[in-house]
Trainee: 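One structure, pasted below without further comment.
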Amino acid sequence: MSKESMLAGWELIFQAADAGAVLFSQDKFTQDFDKACGHIMVLIEDAFMCYERRSFGTTVFLSVTAIEETAKAEIGIYRRDNKNEKQNRKKDPLYNHLSKHKMAVLPTVFMGKRLLEALGEKRCKELYSEVINGSLRTLREEALYFSNKDGSLITPNELIDREKSKEMLLLAIETIDDRLVGYSDKTYDIEKRLSQLCEHVLKQSLDD
């Protein structure tokens with residue numbers, strides 16, 4: 001992975017922080033941030049429940065959505081008094097799926113032990129490359145829509161297996177932990193729940 005690719009996420013964060021509408025009210029800033037985090041946890045809890053009932057396509061879609069909303073919540077912290085509030089949406093990275101993936105899944109997401117131990121160093125590097133090259137955007141669509149390929153109807157659960165859904169669920173958990181925990185007191189409760197979810201996912205993989 002080139003240095004330029006690794007810096008891409010940070011450059012987008014700086015761009016997004018200075019462009020677009022304010023997300024959290026000044027008079028209830030922390031309350032709004034915690035509310036956004038609660039929404040993200042609903043997504044990840046639902047993704048986990050789908051994983052448990054073997055709805056792997058939906059697991060991936062919700063996991064990717066949680067990653068995107070994580071980027072949005074963190075950017076919201078820095079949009080306090082934007083002068084560019086009326087800027088064209090096309091110039092706002094928060095209206096671009098790939099940009100949100102790059103802003104959320106920074107190299108720091110892979111610095112902890114959990115993903116490395118769960119997936120291995122080689123797979124973690126491959127996964128980060130997939131984020132940077134836009135594969136998550138394609139995966140997100142495959143996880144949600146059926147399609148016709150070479151005359152055959154293909155549904156998300158035929159394209160996405162248990163292993164891929166596990167990877168994306170773990171990536172989303174780690175991304176939320178890396179990008180949001182520490183910004184408010186309530187995020188430390190989120191951190192505990194994320195650890196529990198991670199343990200449950202890994203235990204299920206061992207039991208299968």
Trainee: Applying the 4.5 Å side-chain criterion to the ILVMFWY set and letting contacts propagate, would Ile173 and Val181 be lumped into a single cluster?
Mentor: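 No, separate clusters.
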Trainee: Determine the minimum heavy-atom distance between Ser165 and Arg162, stating which atoms define it.
Mentor: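 Scanning both residues, the minimum pair turns out to be OG-O, 2.8 Å.
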Trainee: When hydrophobic residues are tied together by side-chain contacts of less than 4.5 Å, even through go-betweens, does Phe61 share a cluster with Ile160?
Mentor: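 As far as the 4.5 Å side-chain criterion goes, Ile160 and Phe61 are not connected within one cluster.
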Trainee: With Tyr183, which residues qualify under side chain to side chain donor-acceptor pair (under 3.5 Å), at least two apart?
Mentor: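 With neighbours one apart ignored, the set is Glu74, Tyr78.
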Trainee: Looking only at non-hydrogen atoms, find the nearest pair between Ala73 and Leu180 and report the distance.
Mentor: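 That closest heavy-atom pairing would be CB-CD2, 4.1 Å.
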Trainee: So, does Asp178 use its side chain to make a donor-acceptor pair with the main chain of Glu174 at under 3.5 Å?
Mentor: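 A pair under 3.5 Å: no.
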Trainee: Do Trp10 and Met103 belong together in a cluster built from hydrophobic side chains that touch within less than 4.5 Å?
Mentor: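 Yes, same cluster.
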Trainee: Which residues pass the salt bridge (Lys or Arg N to Asp or Glu O under 4.0 Å) test with Glu199, sequence neighbours left out?
Mentor: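 By the salt bridge (Lys or Arg N to Asp or Glu O under 4.0 Å) rule, Glu199 matches no residue at all.
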Trainee: Mind checking the CG-CZ spacing from Leu62 to Phe48? Nearest 0.5 Å is all I need.
Mentor: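 With rounding to 0.5 Å, CG (Leu62) is 13.5 Å from CZ (Phe48).
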Trainee: Can you name the salt bridge (Lys or Arg N to Asp or Glu O under 4.0 Å) partners of Glu126, sequence neighbours left out?
Mentor: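 Only Lys122, Arg123 meet the salt bridge (Lys or Arg N to Asp or Glu O under 4.0 Å) criterion with Glu126.
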Trainee: Determine the minimum heavy-atom distance between Ile132 and Lys102, stating which atoms define it.
Mentor: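 Looks like O-CE, 3.3 Å.
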Trainee: Do Thr59 and Met168 make a side-chain contact, defined as non-hydrogen atoms from C-beta onward lying under 4.5 Å apart?
Mentor: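 Side chain of Thr59 against side chain of Met168, heavy atoms only: no contact under 4.5 Å found.
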Trainee: Side chain to side chain contact (heavy atoms under 4.5 Å, CB included) with Leu116: which residues, sequence neighbours excluded?
Mentor: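 Glu121, Cys124.
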Trainee: Using modelled atom types only, decide if a donor and an acceptor are shared between the side chain of Ser135 and the backbone of Val131 within a distance under 3.5 Å.
Mentor: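 Judged by distance alone, no pair lies under 3.5 Å.
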Trainee: Nearest 0.5 angstrom please: Arg179 CZ to Ile77 CD1, how far?
Mentor: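 Answer rounded to 0.5 Å: 9.5 Å.
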Trainee: Compare every heavy atom of Thr175 with every heavy atom of Val109, then report the nearest pair and how far apart it is.
Mentor: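 Minimum heavy-atom separation between Val109 and Thr175: CG1-OG1, 3.8 Å.
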Trainee: Determine the minimum heavy-atom distance between Cys50 and Thr58, stating which atoms define it.
Mentor: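 Shortest heavy-atom separation between Cys50 and Thr58 comes out as SG-CG2, 3.6 Å.
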Trainee: When you group the ILVMFWY residues by side-chain heavy-atom contacts below 4.5 Å and let the links chain together, are Tyr145 and Leu139 in the same group?
Mentor: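 No, it is not one cluster - the side chains of Leu139 and Tyr145 are not joined through contacts under 4.5 Å.
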Trainee: Hey, what do you get for CG (Asn96) to CG (Leu12), rounding to the nearest 0.5 Å?
Mentor: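 The CG atom of Leu12 is 8.0 Å from CG of Asn96, to the nearest 0.5 Å.
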Trainee: Does CG in Asn148 sit with more than 12 non-hydrogen atoms of other residues, nucleotides or ligands closer than 6.0 Å?
Mentor: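 Check passes, neighbour count above 12.
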Trainee: What closest approach, in Å, do Leu170 and Cys198 show between heavy atoms, and which atom pair accounts for it?
Mentor: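 For Leu170 and Cys198, the tightest heavy-atom pair comes out as CD2-SG, 3.8 Å.
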Trainee: In chain order, what residues pass the ring pair (Phe, Tyr, Trp, His ring centres under 6.0 Å) check against Phe29, with sequence neighbours excluded?
Mentor: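 Phe24.
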Trainee: May I ask you to test the Pro156-Glu142 pair for a side-chain heavy-atom distance under 4.5 Å?
Mentor: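 When only atoms from C-beta onward are counted, Glu142 and Pro156 do not touch, as no gap falls below 4.5 Å.
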Trainee: Just jot down the side chain to side chain contact (heavy atoms under 4.5 Å, CB included) partners of Asp189, sequence neighbours excluded, or say none.
Mentor: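 So Asp189 forms a side chain to side chain contact (heavy atoms under 4.5 Å, CB included) with Lys192.
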Trainee: Could you go through the side chain to side chain contact (heavy atoms under 4.5 Å, CB included) check for Phe110 and Leu171 one step at a time?
Mentor: CA-CA 9 Å; Phe110 299 94; Leu171 179 62; 3.8 Å; yes
Trainee: Less than 3.5 Å apart, which donor and acceptor atoms pair up between the side chains of residues 30-47 and the rest of the protein, not counting sequence neighbours?
Mentor:
unit_1, atom_1, unit_2, atom_2, d
Asp32, OD2, Ser25, N, 2.8
Asp32, OD2, Ser25, OG, 3.3
Asp34, OD1, Ser184, OG, 2.5
His39, NE2, Glu69, OE2, 3.0
Glu45, OE1, Arg193, NH2, 3.0
Glu45, OE2, Arg193, NE, 2.6

Trainee: Can you check side chain to side chain contact (heavy atoms under 4.5 Å, CB included) on Phe146 and Ile154, steps first, answer last?
Mentor: CA-CA 6 Å; Phe146 69 80; Ile154 305 295; over 6 Å; no
Trainee: Applying side chain to side chain contact (heavy atoms under 4.5 Å, CB included), can you list everything that pairs with Arg137, at least two apart in sequence or on another chain?
Mentor: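 Applying side chain to side chain contact (heavy atoms under 4.5 Å, CB included) to Arg137 gives His97, Leu98, His101.
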Trainee: For Thr187, give me all partners under side chain to side chain donor-acceptor pair (under 3.5 Å), at least two apart in sequence or on another chain.
Mentor: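 Scan of Thr187 (side chain to side chain donor-acceptor pair (under 3.5 Å), adjacent residues dropped) gives none.
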Trainee: Hey, does the side chain of Asn157 reach the backbone of Gly57 with a donor-acceptor pair shorter than 3.5 angstrom?
Mentor: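 Between the backbone of Gly57 and the side chain of Asn157 there is a qualifying donor-acceptor contact (under 3.5 Å).
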Trainee: Could you state the interatomic distance from OG1 (Thr70) to CD1 (Ile176), rounded to the nearest 0.5 Å?
Mentor: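 One finds 4.5 Å between OG1 of Thr70 and CD1 of Ile176.
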Trainee: Looking at Arg79 and Asp92, is there a salt bridge between them, counting it only when a charged N and a carboxylate O are closer than 4.0 Å?
Mentor: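 Looking at Asp92 and Arg79, the cut-off is met.
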Trainee: When rounded to the nearest 0.5 angstrom, what distance separates CD1 in Ile67 from CG in Leu136?
Mentor: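 Rounded to the nearest 0.5 Å, the CD1-CG separation comes out at 5.5 Å.
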Trainee: Rounded to the nearest 0.5 Å, how far apart are CG of Leu119 and CG of Leu202?
Mentor: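 If I round to the nearest 0.5 Å, the distance is 8.5 Å.
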Trainee: Please name all residues satisfying side chain to side chain donor-acceptor pair (under 3.5 Å) with Ser195, sequence neighbours left out, ordered by chain then number.
Mentor: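 Side chain to side chain donor-acceptor pair (under 3.5 Å) check on Ser195 returns Arg114.
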Trainee: Please identify each residue that fulfils salt bridge (Lys or Arg N to Asp or Glu O under 4.0 Å) with Lys164, with sequence neighbours left out.
Mentor: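 For Lys164 the salt bridge (Lys or Arg N to Asp or Glu O under 4.0 Å) partners, ignoring immediate neighbours, are Glu130, Glu167.
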Trainee: Per the salt bridge (Lys or Arg N to Asp or Glu O under 4.0 Å) rule, what does the pair list look like for residues 144-158, sequence neighbours excluded?
Mentor: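 Checked against salt bridge (Lys or Arg N to Asp or Glu O under 4.0 Å) - neighbours excluded - no pair reaches residues 144-158.
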Trainee: Run Lys166 and Leu169 through side chain to side chain contact (heavy atoms under 4.5 Å, CB included) and show every step you take.
Mentor: CA-CA 5 Å; Lys166 181 188 83 172; Leu169 183 52; 5.8 Å; no
